[in-house]
K.L.:
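Can you read through this structure? Questions will come right after.
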Amino acid sequence: MSIRSRVARFAAACIAAGSITGMTAAHAADTIKVGVLHSLSGTMAISETTLKDTVLMMIEEQNKKGGLLGKKLEAVVVDPASNWPLFAEKARELLSVHDVDVVFGCWTSVSRKSVLPVFEELNGLLFYPVQYEGEESSRNVFYTGAAPNQQAIPAVDYLMNEVGVKRWVLAGTDYVYPRTTNKILEAYLKSKGVKDADIMINYTPFGHSDWQGIVSDIKKFGSAGKKTAVVSTINGDANVPFYKELGNQKISAEDIPVVAFSVGEEELSGIDTAPLVGHLAAWNYFQSVDVPVNSEFIESWKTFIKNPDRVTNDPMEATVIGFNLWAQAVEKTKTTDVDAVIDALPGLETPNMTGGTAKMLPNHHLTKPVLIGEIRDDGQVDVVWQTESEVPGDAWTDFLPESAVLEADWVDLKCGNYNTKTKKCSGQNY
Amino acid sequence: MRQLLEGMSAKVSRLLMLLIMLFVGVATYQPLHASTDYEDVIEAEESLVDTALPADQTEEFSNALAQLASASFSKKEDLTSELVAKRFPGSRGVLVALLENQLYADKSSGKVLILSEQDGEKTYHDAISGELIADGGSDKKRITTNNSLRKKLRGDIAIFDLHSEDRNVRLGAVQQLRDVVDQSVATMLMKQQSIEKDDDVIEEIRVTLAIFDLGSEDSEARLAAVEALDGELGNDVFNQISALLHSEEDKEVIKAAQATIKRIEGKRDFYSLLETAFFGLSFGSVLVLAAIGLAITFGVMGVINMAHGELIMLGAYTTFVMQQLLPDHIGLSIILSIPAAFLVSGLVGIGIERGVVRFLYGRPLETLLATFGVSLILQQLVRTIFSPLNRSVQTPEMMSGLLRFNEVFAVTYNRLYILIFTFIVFAGLWLILNKTSLGLKVRAVSQNRQMARAMGVRTARVDALTFGLGSGVAGIAGVALSQLTNVGPNLGQAYIIDSFMVVVFGGVGNLWGTLVGGMTLGVATKFLEPHVGAVVAKIIMLVFIILFIQRRKQGLFPQKGRAASGA
Amino acid sequence: MTLQDHSAISRVMRSDRGIKWFVGLLLAAAVLLPLGHLLFPPESSLHVSTYTLGLVGKYMTYALLAVSIDLIWGYCGILSLGHTAFFALGGYAMGMYLMRQIGTRGVYGDPLLPDFMVFLNWDSLPWYWHGFDMFWFAAVMVVLAPGLLALVFGWFAFQSRVVGVYFSIITQALTFALLLAFFRNEMGFGGNNGLTDFKELLGFDLQASSTRVGLYVTSALALLAGVLVCRWIVASRFGRIIAAIRDSESRTRFIGYRVEHYKLWLFCFSAMLAGIAGALYVPQVGIINPGEFAPINSIEAVVWVAVGGRGTLYGAVVGAILVNYAKSYFTMAWPEAWLYALGVLFVLVTLFLPKGVLGLLQRFKRAES
């Protein structure tokens with residue numbers, strides 16, 4: 001065989017291979033495809049595998065009920081491997097190759113930012129289940145986790161009003177979520193009359209493991225005779241050594257409580273909780289909340305995962321709420337068409353797992369109760385305070401001047417970043 | 001004007017409190033046989049119950065307890081105050097149980113129960129009658145506490161403990177009371193001071209009372225208090241005297257207070273320097289521990305083992321498994337983990353050497369790639385076996401807490417132990433390499449392989465053992481790291497770059513280099529951190545090493561002789 | 001496979017005619033895929049989806065990175081374990097241009113400041129962001145930034161004769177330091193979220209199909225040009241000295257060559273090539289984030305070269321495409337197995353295929369002839 005013809009054949013084969021991957025979408029109309037975009041390997045796997053399983057559980061349960069619109073649901077699981085450009089690639093694969101009707105996925109803002117242009121370009125539908133810094137509202141994304149006003153600000157309110165905290169340490173990992181949250185909190189605290197000298201801000205690198213100096217500084221800062229608290233936006237792996245050091249230096253929650261926004265039941269299950277007892281966590285859900293709907297949820301999770309020791313946590317609840325709302329919207333519109341579902345979602349309500357109701361707002365955020373809990377020695381969390389009613393999520397914080405003028409409303413204004421001063425809608429990709 | 005008013009109202013309320021407390025104190029005061037041991041408390045209560053409580057008191061007591069079950073946190077604080085003020089015989093037991101999350105309320109029977117656990121077996125006693133209720137009823141719920149309630153409870157219990165027979169308990173009680181000292185507590189302390197025999201407790205009471213006296217209306221008393229506090233370093237002393245300076249008008253007191261503040265500040269600066277140095281040494285010891293196995297595989301054998309971090313990780317997981325096997329003996333499990341981790345990591349290391357590395361001697365860059373592949377496999381293996389979640393490794397009692405030198409300088413036990421442990425491991429390795437026949441062979445092979453073989457050294461075996469030794473030491477490092485950080489699949493990744501930096505900085509092929517290099521980097525980082533922040537400190541150290549290698553490629557302690565040219 | 005096939009492939013690799021075939025193949029890929037995308041309707045079996053096009057375009061930029069590594073590792077024996085630092089710097093330069101192109105279309109509508117600066121209260125554009133609104137400036141920076149870093153770093157390293165594993169380890173330190181630095185929000189590069197939400201490049205809408213095709217073709221041509229230039233370099237007199245340095249550095253030095261100069265220039269060129277790869281990569285994947293600096297990425301890129309076969313240039317291309325295709329496939333079909341597969345690949349290739357896949361083919365051919 002001549003080289004020439006082999007080359008030609010190879011080229012043809014390449015094209016064919018490419019097009020076959022592009023073809024699979026065409027003949028799969030008998031199921032509704034649900035994309036799952038969570039890292040199963042790499043550094044984020046630690047948090048995200050649980051959410052993948054949660055979606056799979058929800059799909060199984062929905063199928064037991066007969067699926068949706070008479071069709072079975074089918075999960076399409078991909079692994080973006082904690083690699084941000086790979087998130088974008090996999091999102092495109094889900095939307096254009098597998099032609100999924102909805103995607104549940106992402107953890108951390110950077111992964112969401114990475115897939116955002118893809119979802120907007122291909123008009124996909126993404127449910128993002130984790131708390132984040134706000135400052136975003138896309139037509140194609142529904143944010144079922146907490147915005148800063150549903151987690152950080154109520155937590156600070158609790159510490160200020162109920163615990164009487166006068167001095168604040170804002171400690172975080174050096175990236176966008178802590179930076180933004182701390183900016184918002186700093187502005188908020190100052191608006192409440194807290195002086196500069198009573199705020200200490202500290203940033204550490206990802207995975208920081210040697211906390212001796214910083215904890216000792218916190219201890220010194222906290223020994224000035226005023227009640228002091230630490231607001232921690234420390235990320236993931238850095239938490240364990242941080243809490244261990246707190247325990248070792250005998251900083252108890254009674255002296256200097258630490259309130260964390262990213263430590264939940266799942267994280268606690270990997271920590272020796274003895275030194276953490278009494279420290280606080282602020283979330284919109286705790287496993288310990290004793291209402292029938294939650295017990296049912298916990299029970300079905302343990303059965304699904306076949307492990308009685310597994311815990312539930314806030315992002316799982318957010319995933320479940322997102323899934324239920326989506327299913328409800330599909331039933332209501334009798335189609336999985338993305339535009340119809342997006343238009344149907346705002347205004348829908350579904351029970352949350354803490355006995356209240358989650359309502360999808362026009363800005364694609366949810367109403368959520370804010371719960372402050374104290375960590376127990378068994379890794380569970382006792383609720384010590386909660387908001388009287390659900391707090392509506394605010395995409396654009398009121399405590400930063402540039403974003404205070406912005407508003408997101410996908411029902412009337414049809415805009416995610418509407419400037420109420422200039423009456424203009426900026427930064428939209430449609 | 002406002003200050004004056006506030007001062008007035010404070011005084012008035014203090015006076016009122018004093019009156020009330022005096023009244024209550026006189027009315028209900030009865031010396032209580034108090035003890036810290038919880039079992040004793042129950043016994044004591046049972047005996048007290050036998051001697052029959054007046055019926056009205058029992059009723060009051062049970063009323064208060066019944067309310068406790070469903071009260072809000074602030075109401076709970078009031079109720080516990082009542083328990084203290086009325087001094088029911090069971091008060092202390094209830095307070096202790098509440099503090100330790102062992103107080104339950106049974107909704108159906110309306111009883112309040114105290115849980116006690118022995119050898120994993122749970123039993124419940126009625127908090128009032130002391131009667132044993134085997135399963136505690138089906139409808140029981142734990143009575144919850146929060147931080148401020150717990151803090152208050154500690155103060156409450158301290159009031160009972162002030163009269164304990166154990167001097168340590170009394171000492172702890174006085175320290176606890178320092179935060180909440182008011183006129184009534186002060187009166188109690190004075191009483192105790194007059195009958196106290198233990199010098200430490202007397203001293204503690206003296207300081208506490210002096211701090212209290214700083215708020216006295218009498219300037220003489222304040223001056224005396226400031227003078228009495230001369231020599232103290234504690235934060236409370238410092239804060240109170242600083243606060244005094246703001247409101248003080250008496251010149252003499254101001255002068256004395258200023259002098260005291262200045263002296264305390266000087267001492268504090270000195271001790272904070274010491275503290276930073278200790279932090280540095282301790283951070284350095286972690287670096288040395290993580291790197292020292294690499295100093296053998298990389299430094300002595302010239303093998304770039306990118307799976308080194310994962311061998312550390314295996315050591316940490318071994319600790320986790322040991323704790324699962326011996327759940328009731330945490331301390332013992334840690335000690336047993338050391339040889340176990342050495343074996344596990346050592347054997348895996350020998351496996352890596354026999355299976356991969358030995359085919360690649362003389363091709364260092366390719367060993368790098370192959371061992372990196374091994375590291376990926378090990379990481380994923382751990383994810384498959386133990387799940388991607390972190391595992392919880394407990395810290396034994398003996399390793400938690402502080403070794404206090406004085407009020408402002410203390411070092412944590414676990415850091416101290418790890419520092420000592422590092423030196424032991426280092427000394428052990430040094431002895432193995434320099435005083436045993438294995439060490440002799442290792443050095444011979446690393447210096448001149450052909451010659452060593454000609455002399456009858458079985459080089460293949462020596463290679464395997466050396467690699468195993470280096471890997472085993474990495475496993476031991478894992479045991480120590482499990483006490484400080486996450487035990488998860490990413491553990492190794494976090495230390496691999498640091499380890500290489502330490503070895504290269506210290507000088508390849510030299511254990512002393514690794515020790516000095518690691519300690520230097522640790523101390524330098526910790527002294528930089530407060531000034532530039534943790535992130536920049538780390539960047540500066542990396543850039544420093546890059547530049548340092550340019551100046552002295554062989555590191556701090558260059559290897560001399562023929563072997564050096566082979567690198 | 002028949003005997004003829006092997007001889008054909010090996011001839012492609014060894015003879016000068018090989019370059020023709022390589023050029024032919026790449027050109028064919030550069031032309032046929034876009035044609036398949038543009039000419040055939042989506043239902044047709046010959047249609048190439050944007051997804052495939054984007055994927056292959058991404059592989060092309062990876063391949064260019066691999067070529068730049070192969071040039072210094074395969075031909076000069078310098079193993080850089082921090083080469084993605086240059087790749088990422090090129091990417092950041094392009095990303096900064098793309099950010100500036102957003103202009104008032106950012107969510108806050110600020111004409112000058114990118115969104116992430118607005119909500120973190122930056123008052124003005126940092127000095128190093130100036131000029132990036134002009135494409136030519138950004139294009140210059142794409143090669144200049146990595147080139148300068150390589151110049152400074154290489155000058156120090158080669159002057160003081162840091163070689164072998166020491167060099168590899170300090171390049172790791174370099175990329176790790178940059179990783180930490182870029183994670184810092186204070187640096188003004190968007191921290192962990194990086195630069196994203198790009199709108200257009202040179203006035204072309206980045207989401208338009210035609211722009212994608214354009215980017216894809218550019219990447220393919222850049223790869224082609226990269227391979228050709230590298231090939232020209234290694235075949236030149238300069239290239240022979242480079243090879244001499246690889247085989248015996250001290251001997252070359254004793255003969256009278258300023259070894260460090262040769263190494264330095266080669267290193268700088270390689271860094272610039274990596275920078276161009278990064279610049280083409282960013283608009284295609286739509287994000288640049290400090291994660292690109294991660295030391296593990298650099299090691300992975302070195303493995304592409306090892307898998308393909310180092311010291312051949314084509315090998316680097318083949319390796320990069322093979323490994324990345326495998327990654328795309330595994331992360332879809334069998335996510336848990338990806339790291340096992342990658343790990344085993346590393347071990348097997350270094351143990352049994354010291355010359356990579358191309359070497360294996362060569363061996364087949366020799367065995368049969």
Side-chain angles (χ1 to χ4, degrees), chain B residues 298 302-304 306-307 352 355-357 359-360 363-381 383-384 388 489 493 496-498 500-501 503-505 508 533-555 565 567, chain C residues 73 77-79 81-82 153 155-187 250 294-296 299-300 302-303 305-307 310 336-352 354:
Chain B
F298 177 44
V303 173
I304 316 246
M306 293 300 277
I352 296 174
V356 178
V357 172
F359 302 108
L360 300 169
R363 288 150 64 192
L365 298 179
E366 283 164 34
T367 29
L368 189 156
L369 296 179
T371 49
F372 187 72
V374 173
S375 87
L376 292 183
I377 296 172
L378 287 176
Q379 267 177 52
Q380 195 62 16
L381 197 67
R383 279 203 188 95
T384 312
Q493 297 280 303
I496 183 75
I497 292 185
D498 285 346
F500 270 107
M501 292 305 139
V503 174
V504 170
F505 176 61
V508 173
V535 191
V536 177
K538 182 138 200 183
I539 296 173
I540 291 178
M541 290 327 290
L542 286 170
V543 173
F544 167 73
I545 291 173
I546 293 176
L547 292 177
F548 183 85
I549 299 298
Q550 322 285 355
R551 302 300 310 156
R552 294 185 64 158
K553 302 182 268 191
Q554 304 285 346
S565 59
Chain C
W73 186 31
I78 304 170
L79 178 58
L81 290 183
F153 183 80
W155 191 80
F156 276 117
F158 298 133
Q159 282 292 325
S160 29
R161 299 185 192 170
V162 178
V163 291
V165 292
Y166 287 91
F167 184 82
S168 305
I169 288 170
I170 61 170
T171 49
Q172 283 254 289
L174 172 75
T175 193
F176 190 53
L178 282 168
L179 169 81
L180 292 173
F182 274 73
F183 263 129
R184 279 168 51 87
N185 271 69
E186 304 284 277
M187 281 284 283
S250 9
I296 182 171
I299 297 177
E300 224 181 289
V302 167
V303 171
V305 180
V307 167
R310 66 182 159 123
E336 287 83 5
W338 165 238
L339 280 184
Y340 285 124
L342 190 66
V344 170
L345 189 72
F346 277 34
V347 176
L348 292 185
V349 165
T350 40
L351 283 186
F352 301 111

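In what follows, chains carry the letters A, B, and so on, assigned in the order in which the sequence lines appear, proteins first and then strands, with residues in each chain numbered from 1.
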K.L.:
Tell me which of these, B:Ile496, B:Leu360, B:Ile497, B:Ile545, has more heavy-atom pairs under 4.5 Å with chain C than the rest.
P.N.:
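Looking at each of B:Ile496, B:Leu360, B:Ile497, B:Ile545 in turn, B:Ile497 comes out on top.
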K.L.:
Using non-hydrogen atoms and a 4.5 Å limit, figure out which bit of B:Met541 sits close to chain C: side chain, backbone, both or neither.
P.N.:
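Answer is neither: B:Met541 stays 4.5 Å or more from chain C.
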K.L.:
Within the 4.5 Å heavy-atom criterion, are B:Glu366 and C:Leu351 side-chain neighbours or not?
P.N.:
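Not touching, per the 4.5 Å side-chain cut-off.
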K.L.:
Can you tell which part of C:Ala306 gets under 4.5 Å to a heavy atom of chain B, answering side chain, backbone, both or neither?
P.N.:
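Just the side chain, heavy atoms under 4.5 Å.
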K.L.:
First locate atom CE of B:Met306, then atom CG of B:Leu369, and finally report the distance between them rounded to the nearest 0.5 Å.
P.N.:
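Result: 9.0 Å between the selected atoms.
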K.L.:
Which of the residues C:Ser168, C:Ser160, C:Ala181 is involved in the greatest number of heavy-atom pairs with chain B at under 4.5 angstrom?
P.N.:
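The residue among C:Ser168, C:Ser160, C:Ala181 with the greatest pair count is C:Ser160.
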K.L.:
Using a cut-off of under 4.5 Å on heavy-atom pairs, state which of B:Leu542, B:Val535, B:Val504, B:Leu368 scores highest against chain C.
P.N.:
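Most pairs with chain C among the choices: B:Leu542.
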K.L.:
For a side chain to side chain contact (heavy atoms under 4.5 Å, CB included) check, start with the C-alpha distance between C:Thr350 and B:Phe359, then their side-chain angles and the critical distance, and finish with the verdict.
P.N.:
CA-CA 10 Å; C:Thr350 40; B:Phe359 302 108; over 6 Å; no
K.L.:
Between C:Leu179 and C:Pro295, what is the shortest heavy-atom contact and its length?
P.N.:
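Residues C:Leu179 and C:Pro295, closest heavy atoms: CD2-CD, 4.3 Å.
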K.L.:
Can you measure from CZ (C:Phe176) to CD1 (C:Ile170) and round to the nearest 0.5 angstrom?
P.N.:
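With rounding to 0.5 Å, CZ (C:Phe176) is 16.0 Å from CD1 (C:Ile170).
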K.L.:
Side chain, backbone, both or neither: which part of C:Val349 has a non-hydrogen atom closer than 4.5 Å to chain B?
P.N.:
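Neither the backbone nor the side chain of C:Val349 comes within 4.5 Å of chain B.
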K.L.:
Provide the closest heavy-atom pair for C:Gln172 versus C:Leu81 in the form atom of the first, atom of the second, distance.
P.N.:
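Minimum heavy-atom contact is NE2-O, 3.3 Å.
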K.L.:
Tell me, side chain or backbone of B:Ile304 under 4.5 Å from chain C's heavy atoms, or both, or neither?
P.N.:
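Only the side chain of B:Ile304 comes within 4.5 Å of chain C.
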K.L.:
Based on non-hydrogen pairs under 4.5 Å, which of B:Val536, B:Val356, B:Val374, B:Ile377 is most in contact with chain C?
P.N.:
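Of the candidates given, the most pairs with chain C belong to B:Ile377.
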K.L.:
State whether the number of non-hydrogen atoms from other residues, nucleotides or ligands found under 6.0 Å of C:Phe156 atom CZ is greater than 12.
P.N.:
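No, because the 6.0 Å sphere around CZ of C:Phe156 holds 12 heavy atoms or fewer from other groups.
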K.L.:
Does any backbone or side-chain atom of C:Leu174 lie under 4.5 Å from a heavy atom of chain B? Answer side chain, backbone, both or neither.
P.N.:
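Contact with chain B involves both backbone and side-chain atoms of C:Leu174.
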